[in-house]
Amino acid sequence: MKTLYITDLDGTLLDSTPKTSEYTNHTINSLLEKGVCISYATARSLVTTKKVTKGLHFKYPLVVHNGTFIVDTNGIILHKNTFLQSDAHCILNTVLKHNLSPVVFSLIDGEQKFSYVENSVNKATQDFLDNRINDPRNRGVSSKDSLFDGELYYFTLIGDEEKLEVLYDMFKDAYQCYYQRDMYSGEFWLEITPKCATKANAVLQLKKMLGCDKIVAFGDGINDLEMFSIADECYAVENAVEILKEKSTAIIENNNCNGVAKWLLKHT
């Protein structure tokens, strides 16, 4: 029986710095060399995951942007779950009417970009952008009209808790919405993706793509709940939210103690 081992990154595989430890790097690289099928499913893009997992040598396709894309290790999109453009434009128009400054992710001429109106974002969003100054996807624009360019697939809004909660309530039934406090900055984030763009859907697609028979998942957050629901076995790290622990097969050591790597070493 071929098993797909799929792990979340932030708060799960990554420690709180955030990065992967030398122990985790050595353990997982050794298992990958032996042919163990290990991948990850994250809200991050491939660009930012490469920075925090640079000691790992993944071989299998990866799930990024909370299931919007399955990509190979070079960033080639193998499968996408994107918005109908009419839906994306409706969301963006609503966000702008609420006087918020979103970061809009889109495919423009086949390339992944994130766009924002320069000199109009709040401090929390500017901090996000400052950490991505040299990111090849970075696309500051001068006009709100330019935010509509390309094939839109992901919205990130950071900061104003009251306004974000209003939008969350407005969109949560029609789309995938992740509204929570960021574990690193303490700021409130609202991320909006297509209804079909979930870790669960993408992991099932990846399972089929790789010809696997079984899914074993690892996670810590609310956005891992659906992935746990489709897994044959699911393990919450000790630092996970309580609702995820309740849904897990078992609880493993926390993310700062290499919980995922230790479990994999023992059970594969």
Side-chain angles (χ1 to χ4, degrees), residues 1-67 69-79 199-221 224 226-240 244 247-268:
M1 181 175 285
K2 186 177 180 181
T3 300
L4 169 61
Y5 298 94
I6 190 86
T7 180
D8 172 57
L9 290 181
D10 291 277
T12 304
L13 193 67
L14 305 182
D15 62 26
S16 55
T17 38
K19 62 178 178 57
T20 51
S21 71
E22 288 301 316
Y23 177 90
T24 287
N25 291 342
H26 174 75
T27 301
I28 290 182
N29 287 338
S30 296
L31 294 173
L32 286 166
E33 285 301 312
K34 293 177 182 176
V36 179
C37 191
I38 304 170
S39 182
Y40 61 70
T42 179
R44 289 176 178 262
S45 68
L46 184 63
V47 173
T48 59
T49 58
K50 282 189 171 182
K51 294 178 182 178
V52 294
T53 63
K54 59 185 178 182
L56 290 168
H57 310 306
F58 287 105
K59 301 162 63 174
Y60 300 98
L62 310 161
V63 175
V64 296
H65 281 308
N66 273 328
F69 297 135
I70 299 174
V71 298
D72 69 14
T73 54
N74 294 313
I76 303 299
I77 297 172
L78 305 177
H79 187 90
K199 287 186 179 183
N201 283 345
V203 169
L204 286 172
Q205 289 156 353
L206 182 57
K207 174 188 176 185
K208 184 177 180 180
M209 192 181 293
L210 296 175
C212 292
D213 307 292
K214 181 180 177 182
I215 297 169
V216 175
F218 305 89
D220 77 301
D224 297 315
E226 289 192 14
M227 181 170 71
F228 271 34
S229 73
I230 55 91
D232 298 279
E233 296 176 27
C234 47
Y235 297 90
V237 285
E238 193 176 18
N239 53 288
L244 198 71
K247 301 294 184 181
S248 65
T249 304
I251 297 168
I252 61 176
E253 287 189 65
N254 69 52
N255 65 316
N256 287 315
C257 293
N258 306 296
V260 173
K262 287 178 180 177
W263 189 96
L264 287 169
L265 184 62
K266 184 176 180 180
H267 295 92
T268 60

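By convention here, the first residue in the shown sequence is residue 1. Just so we're clear, the structure is a prediction, and the values are computed from it rather than from any experiment.
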(request) Measure from the side-chain N and O atoms of N254 to the backbone N and O of C257, and report whether any donor-acceptor pair falls under 3.5 Å. (result) yes
(request) Heavy atoms only: give me the nearest D232-D213 pair and the separation to one decimal. (result) OD2-O, 4.3 Å
(request) Would you kindly say whether N25 and T20 are connected by a side-chain donor-acceptor distance under 3.5 Å? (result) yes
(message) Donor-acceptor check, side chain of S248 to backbone of C234, threshold 3.5 angstrom: yes or no?
(response) no
(request) May I ask you to decide if the ring planes of F69 and H65 are parallel, tilted or perpendicular, using 30° and 60° as cut-offs? (result) perpendicular
(request) Report the residue from T7, I252, L244 that forms a side-chain contact (heavy atoms from CB on, under 4.5 Å) with V237. (result) I252
(message) Assess, by modelled atom type and distance only, whether the side chains of T268 and Y5 contain a donor and an acceptor separated by less than 3.5 Å.
(response) no
(request) Would you name the heavy atoms of L32 and F58 that are closest together and state the gap between them? (result) CD1-CA, 3.9 Å
(message) Tell me whether N29 contacts the main-chain N or O of H26 through its side chain, where contact means a donor paired with an acceptor under 3.5 Å.
(response) no
(message) To check you understand the geometry: which heavy-atom pair defines the closest contact between M209 and P61, and what is its length?
(response) SD-CG, 4.2 Å
(message) Give me the atom names and distance for the closest heavy-atom approach of T49 to R44.
(response) CG2-CB, 3.4 Å
(request) Give a yes or no answer on whether the side chain of T48 reaches the backbone of S45 with a donor-acceptor pair at less than 3.5 Å. (result) yes
(message) Would you say D220 and T12 are linked by a side-chain donor-acceptor pair, where the criterion is simply a distance under 3.5 Å?
(response) yes
(request) Taking all heavy atoms of E233 and all of T249, pick out the closest pair and write down the distance. (result) CA-OG1, 3.5 Å
